Protein chains: 2
Amino acid sequence: MPDHNAPAALGGDDLETWSALATVLEWLPAALDAELLRDSDVTHFEYGILFALANASDLTLRMSVLAGYANSSLSRLSRAIQRLETRGWVQREPDPDDGRYTLATLTNRGREKFHQASPGHVATVNRLVLDPLTQSQRRLLRDISRRILRAIREEKGWQPPLSSN
Amino acid sequence: MPDHNAPAALGGDDLETWSALATVLEWLPAALDAELLRDSDVTHFEYGILFALANASDLTLRMSVLAGYANSSLSRLSRAIQRLETRGWVQREPDPDDGRYTLATLTNRGREKFHQASPGHVATVNRLVLDPLTQSQRRLLRDISRRILRAIREEKGWQPPLSSN
DNA sequence: GCTTTTTACTTGACTGAACAAGTGAATGGA
DNA sequence: TCCATTCACTTGTTCAGTCAAGTAAAAAGC
């Protein structure tokens with residue numbers, strides 16, 4: 001009785017493709033988070049922050065740059081760094097060159113934490129994503145992902161990766 | 001100086017594949033949510049509930065079954081239905097056959113809401129995911145997704161889709 | 001050179017999600 | 001036929017995230 005003949009529902013192969021992808025969208029991040037939380041007591045978001053700082057020169061980044069890397073709002077990052085700071089993994093100080101910036105630096109303990117957490121996380125990515133695929137599927141997945149990302153970027157008129165607030 | 005020779009980091013093609021997918025994992029759900037929220041003032045999760053109820057016979061489902069469909073904890077669903085109830089889209093009543101169950105039913109206004117929200121959402125899925133891909137890429141994406149899902153399921157010893165609490 | 005604006009955050013109020021501890025209805029065993 | 005247990009939720013608490021103000025430093029305007 002419902003189902004007007006508008007383009008109001010997916011069907012057939014498209015439905016199967018979308019529902020498979022939608023399920024991945026729900027479960028894969030959860031699985032990744034679960035491993036990090038269980039083995040290292042950090043969220044995937046926090047791990048991303050540690051990763052970015054660990055790979056930065058001087059283990060230091062401006063908050064705004066870090067927000068870009070972590071694809072995060074500044075306010076979310078601010079709270080997250082606050083938490084990492086109380087755990088002793090990160091320190092903040094105003095940029096001496098420009099007092100508006102805040103520099104976040106990985107401490108030694110933070111560096112250790114990152115190196116302790118990494119192998120398990122990388123192993124999980126391999127186990128859940130890379131290993132189950134053939135070489136050509138991996139290449140295809142990369143291309144497919146890029147096409148989807150291009151469509152998303154076009155949608156929002158190419159917002160430069162530093163979404164404010 | 002870091003980089004021990006453990007399997008502690010991805011590199012090369014694998015890194016590109018993973019980073020492309022990881023970006024999709026972050027942006028695609030956000031883009032989908034944004035459209036629904038902007039055009040219809042419902043979250044993707046709430047839309048999923050409306051969808052499930054709209055496709056159920058009598059527009060009615062038990063909370064626990066609905067939680068399975070929405071891949072949600074019972075407590076999260078309980079709060080969400082509470083919100084949908086105050087908006088007049090869903091009604092709850094104890095199952096007359098077994099007072100432990102609660103039956104959630106879509107109201108007429110809820111049905112209208114769903115039919116108003118659907119076209120835009122389906123169009124967004126098409127625009128961001130399906131249209132940018134070739135026919136064979138869609139098929140591949142389905143297969144790839146299924147492989148990843150199988151790996152996730154094996155990981156957690158095939159938890160039957162009704163994760164409690 | 002003094003105000004106004006912009007930039008780069010930070011913070012308070014509020015919302016939604018998770019976890020654990022309830023509650024109340026059925027069920028199962030002695 | 002009780003009592004304990006299980007089931008199917010619901011609710012108290014806590015915590016992370018968002019949005020809308022803040023704040024303080026630099027830049028721009030006049």
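So you know, we letter chains A, B, ... as the sequences are listed, proteins then strands, and number each from 1. The shown structure was predicted, so the numbers you read here are calculated from the model rather than taken from an experiment.
Rounded to an integer number of Å, the gap from CG of B/Asp95 to P of C/dA26 is 9 Å. Taking atom CD on B/Glu85 and atom P on D/dC9, their separation rounds to 13 Å, with Å as the unit. If you take CZ of B/Arg76 and C1' of C/dT15, they are 13 Å apart, rounded to a whole angstrom. Distance, B/Asp41 CG to C/dT15 C1': 13 Å, rounded to whole Å. D/dC7 atom P lies 19 Å from atom CG of B/Leu77, rounded to whole Å. The CG-C1' distance, from A/Leu74 to D/dA21, rounds to 15 Å in whole Å. The distance from atom CD1 of A/Ile81 to atom P of C/dT11 is 13 Å, rounded to the nearest whole Å. Atom CG of B/Leu103 is separated from atom C1' of D/dC7 by 15 Å (rounded to the nearest Å).
Summary of the strand contacts: A/Arg100 and A/Arg79 both lie near DNA chain C, and taking for each the nucleotide with the nearest heavy atom, the more 5' one is attributed to A/Arg100. Residues A/Ala80 and A/Asp97 each lie close to DNA chain D; by heavy-atom proximity, the contact nearer the 5' end of the strand is made by A/Ala80. Ranked by how close their nearest DNA chain D nucleotide is to the 5' end, A/Asp98 and A/Phe45 are led by A/Phe45.
Residue contacts for B/Thr102: at a heavy-atom cut-off of 4.0 Å it reaches the sugar-phosphate backbone alone, with no base atom in range.
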Apply side-chain contact (heavy atoms from CB on, under 4.5 Å) to B/Leu36 and B/Thr124, showing your working.
CA-CA 9 Å; B/Leu36 277 170; B/Thr124 304; over 6 Å; no

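Listed by first and then second residue, the salt bridge (charged side-chain N to carboxylate O under 4.0 Å, His left out) pairs involving residues 44-57 of chain A are A/Glu46-A/Arg83, A/Glu46-A/Arg87 (not counting sequence neighbours).
Centroid-to-centroid, the aromatic rings of A/Tyr47 and A/Phe114 come within less than 6.0 Å.
In this structure, the nucleotide among D/dT10, C/dA8, C/dT11 sitting nearest to the side chain of A/Gln82 is C/dT11. Side-chain atoms of A/Arg83 lie closest to D/dA16 of the nucleotides D/dC9, D/dA16, C/dT10. Closest to the side chain of A/Ser64, from the set D/dC9, D/dA20, C/dA8, is C/dA8.
In terms of phosphate contacts, A/Ser73 brings a side-chain nitrogen or oxygen within less than 4.0 Å of OP1 or OP2 of D/dT18. For C/dC9, the OP1/OP2 oxygens have no side-chain nitrogen or oxygen of A/Arg92 closer than 4.0 Å.
The aromatic rings of A/His121 and B/Trp18 sit perpendicular, their planes meeting at an angle over 60°, well past the 30° parallel limit.
Using a distance-only test at 3.5 Å, with no hydrogens or angles considered, a donor-acceptor pair links the side chain of B/Thr107 to the main chain of B/Trp89.
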